[in-house]
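See below for the structure under consideration.
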Amino acid sequence: MLFIVDFDGTVAPTDTVDALLERFADPAWHRVEEQWVAGQLNSRECMKAQLSLVTAERETVKTFLQSVAIDPFFAGFVRYASTFAEVAVVSDGLDYPIQHALQKLNIPPIPVYANRLEFRAHGLDITFPHTDATCMPRSGVCKCAVARSLNVDRGLSTVLIGDGRSDRCLAQSADYVFAKGALRGYCEDKGITYTPFDSFNDILAVIKKWDTALFNKAPREKPCRLAAQ
């Protein structure tokens, strides 16, 4: 079994990118966000434009990003899930705050797939090591592609845990979906079966009742075809 876990809004109750922009960016980042929501920009264009508006000293930004709070039940989830499955954090956010947040936890090492934050002398930049040419939403991190790469010739059942836009495509092909926030509404609109959650304590309560043998079947895989709107 393979757990694909979103970070911002899921592992971290708040969106770390939005918090960073609210604190350090020119207010014009809101206009960029509106253009993305309207479909005028894709995810990569949006994030690159927004981060270019951040002006703060490097150490100040680093300190801020290292203070990200996470769900208090996440560590317990990882410790339990790792006894029978693989767990990966896959986020269309920034790698720096994710890596620092996970280093503080007493959990088995888990891989992180996220956009790479780069510190410059007078601001920030971003690169996209986990994008995919076939990703129709043009996400910075194509979660469908990451899930496929982790599951090549392995036949693992895929469990998605997420809350927002970047989780929509994978929600269509995952074998099991835990959803909160906007992802709940999307699943309902598209007729995707899901289990709602508010914290990882809710998820733990569910997976502790699972007979994991039931998930030993070939997963459903689809290319990333979800439109960006």
(request) Determine the interplanar angle of the H130 and Y113 rings, folded into 0 to 90°, and report it as parallel if under 30°, tilted if 30 to 60°, perpendicular if over 60°. (result) perpendicular

(message) Side chains of S157 and Y176: any donor to acceptor distance under 3.5 Å?
(response) no

(message) For Q103, is the CD atom crowded, meaning more than 12 foreign heavy atoms sit under 6.0 Å from it?
(response) yes

(message) For a 4.5 angstrom cut-off between non-hydrogen side-chain atoms, does V146 reach V141?
(response) yes

(message) Ignoring hydrogens, what is the shortest heavy-atom contact between C169 and C144? Give both atom names and the distance.
(response) SG-SG, 3.1 Å

(request) For the residue pair F24 and T55, establish whether any side-chain heavy-atom pair is separated by less than 4.5 Å. (result) no

(request) May I ask you to decide if R44's main-chain N or O and R138's side chain share a donor-acceptor pair within less than 3.5 Å? (result) no

(request) Taking the side chain as every heavy atom from C-beta outward, state whether L51 and D125 have any atom pair closer than 4.5 Å. (result) no

(message) Quick one: does any side-chain atom of K104 pair with a main-chain N or O of Q66 as donor and acceptor, under 3.5 Å?
(response) yes

(message) Checking the side chain of D15 only, and the main-chain atoms of D8 only, is there a donor and an acceptor separated by less than 3.5 Å?
(response) no

(request) Check the pair E45 / W36 against side chain to side chain contact (heavy atoms under 4.5 Å, CB included), numbers first and verdict last. (result) CA-CA 8 Å; E45 293 168 334; W36 171 63; over 6 Å; no

(message) On a heavy-atom basis, which atom in C142 and which in D132 lie closest, and how many Å separate them?
(response) CB-CB, 3.8 Å

(message) Looking at K190 and Q172, would you say the former's side chain and the latter's main chain have a donor-acceptor pair under 3.5 Å?
(response) no

(request) Please round to the nearest 0.5 Å and tell me the distance separating atom CD of Q40 and atom SG of C46. (result) 11.0 Å

(request) Report the distance from atom CD of E86 to atom CD1 of I110, rounding to the nearest 0.5 Å. (result) 11.5 Å

(request) Step by step, work out the side chain to side chain contact (heavy atoms under 4.5 Å, CB included) result for D167 and Y186. (result) CA-CA 10 Å; D167 303 300; Y186 179 80; over 6 Å; no

(message) Return the CG to SG distance between N42 and C135, rounded to the nearest 0.5 Å.
(response) 9.0 Å

(message) Is the shortest side-chain heavy-atom distance between I161 and F74 below 4.5 Å?
(response) no

(request) Could you grab the distance from atom CG of N115 to atom OG of S91, nearest 0.5 Å is fine? (result) 7.0 Å

(message) Using only atom types and a distance under 3.5 Å, with no angle test, would you say the side chain of D95 pairs donor to acceptor with the backbone of A114?
(response) no

(message) If you compare all heavy atoms of P97 against all heavy atoms of F7, which two are closest, and at what distance to 0.1 Å?
(response) O-CZ, 4.5 Å

(request) Determine whether more than 12 heavy atoms belonging to other residues, nucleotides or ligands lie under 6.0 Å from atom CZ of R58. (result) yes

(message) Using side-chain heavy atoms (C-beta onward) and a distance below 4.5 Å, is I4 in contact with L2?
(response) yes

(message) Just so I know, are the side chains of F178 and L183 near enough to count as touching, which here means a heavy-atom distance under 4.5 Å?
(response) no

(request) Please assess V78 against L105 for the test side chain to side chain contact (heavy atoms under 4.5 Å, CB included), listing each intermediate value before the final yes or no. (result) CA-CA 10 Å; V78 173; L105 304 178; over 6 Å; no

(request) Using a 4.5 Å cut-off on heavy atoms from C-beta on, say whether the side chain of F197 contacts that of D71. (result) no

(request) Any chance you could measure L124, atom CG, to Q50, atom CD, to the nearest 0.5 Å? (result) 12.0 Å

(message) Using 0.5 Å steps for rounding, measure from the CD atom of E33 to the CE atom of M47.
(response) 10.0 Å

(message) Hydrogens and angles aside, do N201 and S199 bring a side-chain donor and acceptor to less than 3.5 Å of each other?
(response) no

(message) Looking at every heavy atom in both T158 and N151, which two are closest together, and how far apart are they?
(response) OG1-ND2, 3.9 Å

(message) For a 4.5 angstrom cut-off between non-hydrogen side-chain atoms, does I207 reach F77?
(response) yes

(request) Go through the steps to decide whether V90 and L170 satisfy the test side chain to side chain contact (heavy atoms under 4.5 Å, CB included), and finish with yes or no. (result) CA-CA 11 Å; V90 186; L170 187 54; over 6 Å; no

(request) For the pair D92 (side chain) and S166 (backbone), establish whether a donor and an acceptor sit closer than 3.5 Å, ignoring hydrogens and angles. (result) no

(message) Show the nearest heavy-atom pair for residues A174 and L160, with the distance to one decimal.
(response) CB-CB, 4.1 Å

(message) Please check: side-chain N/O of R165 versus main-chain N/O of A182, any donor-acceptor pairing under 3.5 Å?
(response) no

(request) Taking only Lys NZ, Arg NE, NH1 and NH2, and the carboxylate oxygens of Asp or Glu, determine whether D198 and R184 approach each other closer than 4.0 Å. (result) yes

(request) Indicate the ring-plane relationship of F84 and Y80, choosing parallel, tilted or perpendicular according to the 30° and 60° boundaries. (result) perpendicular

(message) To check you understand the geometry: which heavy-atom pair defines the closest contact between V68 and L65, and what is its length?
(response) CG2-O, 3.1 Å

(request) Spell out, as yes or no, whether a donor-acceptor pair under 3.5 Å connects the side chain of K180 to the backbone of G9. (result) yes

